[in-house]
Amino acid sequence: MEIKILYGGLALVGGWFWFFMFVRQFLFDIMTAYPLIGRMKKLDKEIIAVGATRYTTVSLIVTAFLSALVAFLVLYFSIKKGAAFVYINFIVGAVIALIMFITKLSYRNKPMFEAFCITYYRFVPDDELRTAIYNKKFNQVNSRLRAMGFKDTFIPEFK
């Protein structure tokens, strides 16, 4: 009985870790990367390279595949061993992680926006704008966009 409790706890932590490693990246791509790339392209198609969308699409496909693979393996081995409680605890751990991170997955969340900046600065062709994005100097980003002739910005209002 004690070993089942340990397996259940391990599965709970594994589900949380699975969400954190794979599903969170998948949701980051959908809820942060694609919307911000779209906002940047709305300003001008040349403000961010086409490679940014390709990079995000590859990331989305890889994380979806790995996420499904891990979930399938956990389901397969828990059914094979007759331990459905392991898979249930795995899902509970993932749901707990989802509840913890759901408010943080939007591009309007400053840490997620900064994660986008650190990841996608290399796709910005303009040197000054790229440097400002990398350094997360949002005032410099706005002033550089104005100097380039844009009235709007892609930086959201943070709460």
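Both backbone and side-chain heavy atoms feed into the values below; hydrogens, waters and symmetry mates do not. Nothing here was measured: the structure is a model prediction, and the numbers come from that model.
- Cluster partners of V86, by chain and number: I3, L6, Y7, F85. The rule joins Ile, Leu, Val, Met, Phe, Trp and Tyr whenever side-chain heavy atoms lie under 4.5 Å apart.
- We find the CG-CD1 distance between L10 and I5 to be 13.5 Å, quoted to the nearest 0.5 Å.
- At least one side-chain heavy atom of E114 sits less than 4.5 Å from a side-chain heavy atom of F138.
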- [ ] Let me see the working for M148 and D44 under side-chain contact (heavy atoms from CB on, under 4.5 Å), right down to the final yes or no.
- [x] CA-CA 10 Å; M148 293 172 70; D44 187 2; over 6 Å; no
Open item on the list: side-chain contact (heavy atoms from CB on, under 4.5 Å), that's the test. Do V70 and F90 meet it? Break it down for me.
Closed with: CA-CA 11 Å; V70 170; F90 181 80; 4.3 Å; yes
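- Chaining together hydrophobic side chains whose heavy atoms lie under 4.5 Å apart leaves V50 on its own.
- Note on Y87: it does not cluster hydrophobically with V13, by side-chain heavy-atom contacts below 4.5 Å among ILVMFWY residues.
- In this structure A94 satisfies the side-chain contact (heavy atoms from CB on, under 4.5 Å) test together with W18, F19, sequence neighbours excluded.
- For R39, there are no salt bridge (charged side-chain N to carboxylate O under 4.0 Å, His left out) partners at least two apart in sequence or on another chain.
- Heavy-atom neighbours of F150 CZ from other residues, nucleotides or ligands within 6.0 Å: above the threshold of 12.
- Applying the side chain to side chain donor-acceptor pair (under 3.5 Å) test to K137 and every residue at least two apart in sequence or in another chain returns nothing.
- Of the inter-residue distances, the one linking F72 atom CZ with F65 atom CZ reads 11.0 Å to the nearest 0.5 angstrom.
- Side-chain heavy atoms closer than 4.5 Å link hydrophobic residues (I, L, V, M, F, W, Y) into clusters, and following such links, possibly through other members, connects I102 to F17.
- Between the CH2 atom of W16 and the CZ atom of R24 there is a distance of 8.5 Å, given to the nearest 0.5 Å.
- Taking all atoms of both residues into account, the shortest heavy-atom contact from A49 to P125 is N-CD, 4.4 Å.
- In this structure D126 satisfies the salt bridge (charged side-chain N to carboxylate O under 4.0 Å, His left out) test together with R144, sequence neighbours excluded.
- T53 and K41 get closest at one heavy-atom pair: OG1-NZ, 3.0 Å.
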Donor-acceptor pairs are to be reported for all side-chain atoms of residues 73-80 against protein atoms at under 3.5 Å, with residues two or more places apart or in another chain.
{"unit_1": "S78", "atom_1": "OG", "unit_2": "V74", "atom_2": "O", "d": "2.9"}
{"unit_1": "S78", "atom_1": "OG", "unit_2": "L75", "atom_2": "O", "d": "3.0"}

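- Every side-chain contact (heavy atoms from CB on, under 4.5 Å) that V58 has, sequence neighbours left out, goes to V62.
- Interatomic distance, CG of L129 versus CD of Q140, reported as 10.5 Å (0.5 Å rounding).
- In the displayed structure, E46 atom CD is contacted under 6.0 Å by at most 12 heavy atoms of other residues, nucleotides or ligands.
- When the side chain to side chain donor-acceptor pair (under 3.5 Å) test is applied to D152, no partner is found at least two apart in sequence or on another chain.
- Under the side-chain contact (heavy atoms from CB on, under 4.5 Å) criterion, T119 pairs with Y55, R122, sequence neighbours left out.
- Taking the six-membered ring where tryptophan is involved, the planes of F123 and Y120 are tilted, since the angle between them lies from 30° to 60°.
- Atom CZ of F116 sits about 7.5 Å away from atom CD1 of I133, to the nearest 0.5 Å.
- Considering all non-hydrogen atoms of both residues, I37 and T56 come closest at CD1-OG1, 3.5 Å.
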Anything under 3.5 Å between a donor and an acceptor, one on a side chain of residues 25-36, the other on a protein residue two or more places apart or in another chain? List them.
{"unit_1": "Q25", "atom_1": "NE2", "unit_2": "D29", "atom_2": "OD1", "d": "3.1"}
{"unit_1": "Q25", "atom_1": "NE2", "unit_2": "S59", "atom_2": "OG", "d": "3.4"}
{"unit_1": "D29", "atom_1": "OD2", "unit_2": "S59", "atom_2": "OG", "d": "2.7"}
{"unit_1": "D29", "atom_1": "OD2", "unit_2": "L60", "atom_2": "N", "d": "3.3"}
{"unit_1": "T32", "atom_1": "OG1", "unit_2": "L105", "atom_2": "O", "d": "3.1"}
{"unit_1": "Y34", "atom_1": "OH", "unit_2": "T57", "atom_2": "N", "d": "3.3"}
{"unit_1": "Y34", "atom_1": "OH", "unit_2": "T57", "atom_2": "OG1", "d": "2.7"}

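- Checked against side-chain contact (heavy atoms from CB on, under 4.5 Å), S106 has the following partners two or more places apart in sequence or in another chain: R108.
- Rounded to the nearest 0.5 Å, atoms OH (Y107) and CE (M112) are 14.5 Å apart.
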